[in-house]
Amino acid sequence: MNERYTKDDIRKIVEEEGVEFIRLQFVDIFGALKNIAITRSNLEKALDNSFEFDGTYVNGYDIDGISDMILYPDLNSFEIFPWRPMDGKVGRLICDVYTTDGHPLSYAPRQILWNVLQRAKDQGVLCNVGPECEFFLFPMDDEGNPLFENVEDMGYLDLGQSDVGENVRRDMVLCLEDLNFDIESSYHEKAPGQHEIDFKYRDALRAADDIVTLKLAVKAISSRHGMIASFMPKPMDGIIGSGMHVNVSLEKYGRNIFYSDDDDNSLSKTGYHFIAGVLDHLKGMSLITNPSVNSYRRLAGKKYVPNTIAFSMNGSTKTTAIRIPHIKGQSHARIEVKNPDPLCNPYLTIALILAAGMDGIEKKRSVDKYRYGQGDGFERLPVNLGEAISSFSEDSFVKEVLGKHITDAFIEQKTKEWEEYLSKVSDWEIEKYLAV
């Protein structure tokens, strides 16, 4: 990865731009953003990798009795938040988490992705990822609660006076470009109040960083406009849900190794092996790619839902978990994994997709049984969080990629979440059965 900033560069920018606060950021195992805010006077301490925090209180970090942890800022991640005041600007540094003896924390999500990328790099392979992030915008009442009944009635690619989110989305795009995102497109999605922002592919670690940053920016900008942004996969009944499609391509010696001009879909044998590897483990990965009770509301149904463990070409069906996009040319050949949703931890999700795909390449796995339209009987993704926990527990490859710490923490906490959900009585049940 090319060096973008040195310590001297950051010192100079902070001084010249009048940055008064710097946020040192990382995520917990579920992808929730954490941060320590420091003043400019403490910048040197941060640049010297000297900021500690207590991991006991960070979700999933309180394992093995380790409490004191150190933040190592990734200098290349330095940015100034464009939505903060111009006087007393706020910058950020995304950090890696280390133990006090100077070793990377093995179960930090960013480290797990780095490990996967390093194994690929050792084989001369660079991994590029382009995410497609969907979200909902809801008007806010005087108390800051969402007004579901006041959502506009726009549809896919619509543009009109009722699209109250258009100005908000435009401000989001401008802010993201100020943060050095390369935005490819933004538009109104299929459901009322639903929007999508897509950014150009880049190396996988930066793509995961970008997803975390996008969610922060989207929430901050929507709040300034008196709206609430939600990345909940399915916040309302009777509508299509929000996904976070992950587009992947691999590069070796400067060439996209997913491309072939001998294939009708411009995809190489390597690309097909990659697809097979991902689909072989998609059920086991679903607890990570679709980590909430609500995730399976989005994946329920038979239409426009990527819940089939199969692949299709050029959008021939909306139900397959993987699509080969209809785009010709070496620079554009890729696969699109469609089942992840915005509540996933992007570092773990991308790590698993890449690790499974690379395993498929290494073992030359066949994709034939997953080709949509060649027969029936395709497996489906889990139908609820309970099934996802079981599938995750049974997939030794997925657990090996994540490691014992992450595996145990996910099973423990998601089992509690599932049991808590099962103990609740919903409004639907009251309406359906109370008078029977």
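For Glu251, the side chain to side chain contact (heavy atoms under 4.5 Å, CB included) partners two or more places apart in sequence, or in a different chain, are Leu126, Asn128. The ring-ring contact (aromatic ring centres under 6.0 Å, His included) test applied to Trp114 returns no partner, not counting sequence neighbours. In this structure, the salt bridge (Lys or Arg N to Asp or Glu O under 4.0 Å) partners of Arg40, at least two apart in sequence or on a different chain, are Glu15, Glu20.
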Given the rule in the side chain to side chain contact (heavy atoms under 4.5 Å, CB included) test, do Ser286 and Tyr296 qualify, once you have shown the distances and angles that lead to the verdict? CA-CA 10 Å; Ser286 62; Tyr296 299 89; 3.8 Å; yes

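Listed here is the closest heavy atom pair of Val129 and Val248: CG2-CG2, 4.4 Å.
Within a 6.0 Å radius of CD in Glu184, other residues, nucleotides and ligands contribute more than 12 heavy atoms. Around the CZ atom of Phe397, the shell of radius 6.0 Å holds more than 12 heavy atoms that belong to other residues, nucleotides or ligands. Atom NZ of Lys269 is surrounded by 12 or fewer heavy atoms from other residues, nucleotides or ligands within 6.0 Å. The local environment of CZ in Arg297 is sparse, with at most 12 non-hydrogen atoms from other residues, nucleotides or ligands closer than 6.0 Å.
With respect to Asp74 and Arg110, a salt bridge is recorded, a charged nitrogen being found less than 4.0 Å from a carboxylate O. Using a 4.0 Å cut-off between charged nitrogen and carboxylate oxygen, Asp122 and Arg119 do not count as a salt-bridge pair. Using a 4.0 Å cut-off between a side-chain N of Lys or Arg and a carboxylate O of Asp or Glu, Lys338 and Glu132 do not qualify as a salt bridge.
Note that Lys215 lies in the cation-pi zone of Phe231, set by a 6.0 Å cut-off to the ring centre and a 45° limit from the axis. For the pair Arg4 and Phe78, the cation-pi test (distance below 6.0 Å, angle within 45°) is failed.
Judged purely by distance below 3.5 Å, without hydrogens or angles, the side chains of Asp182 and Tyr201 never pair a donor atom with an acceptor atom.
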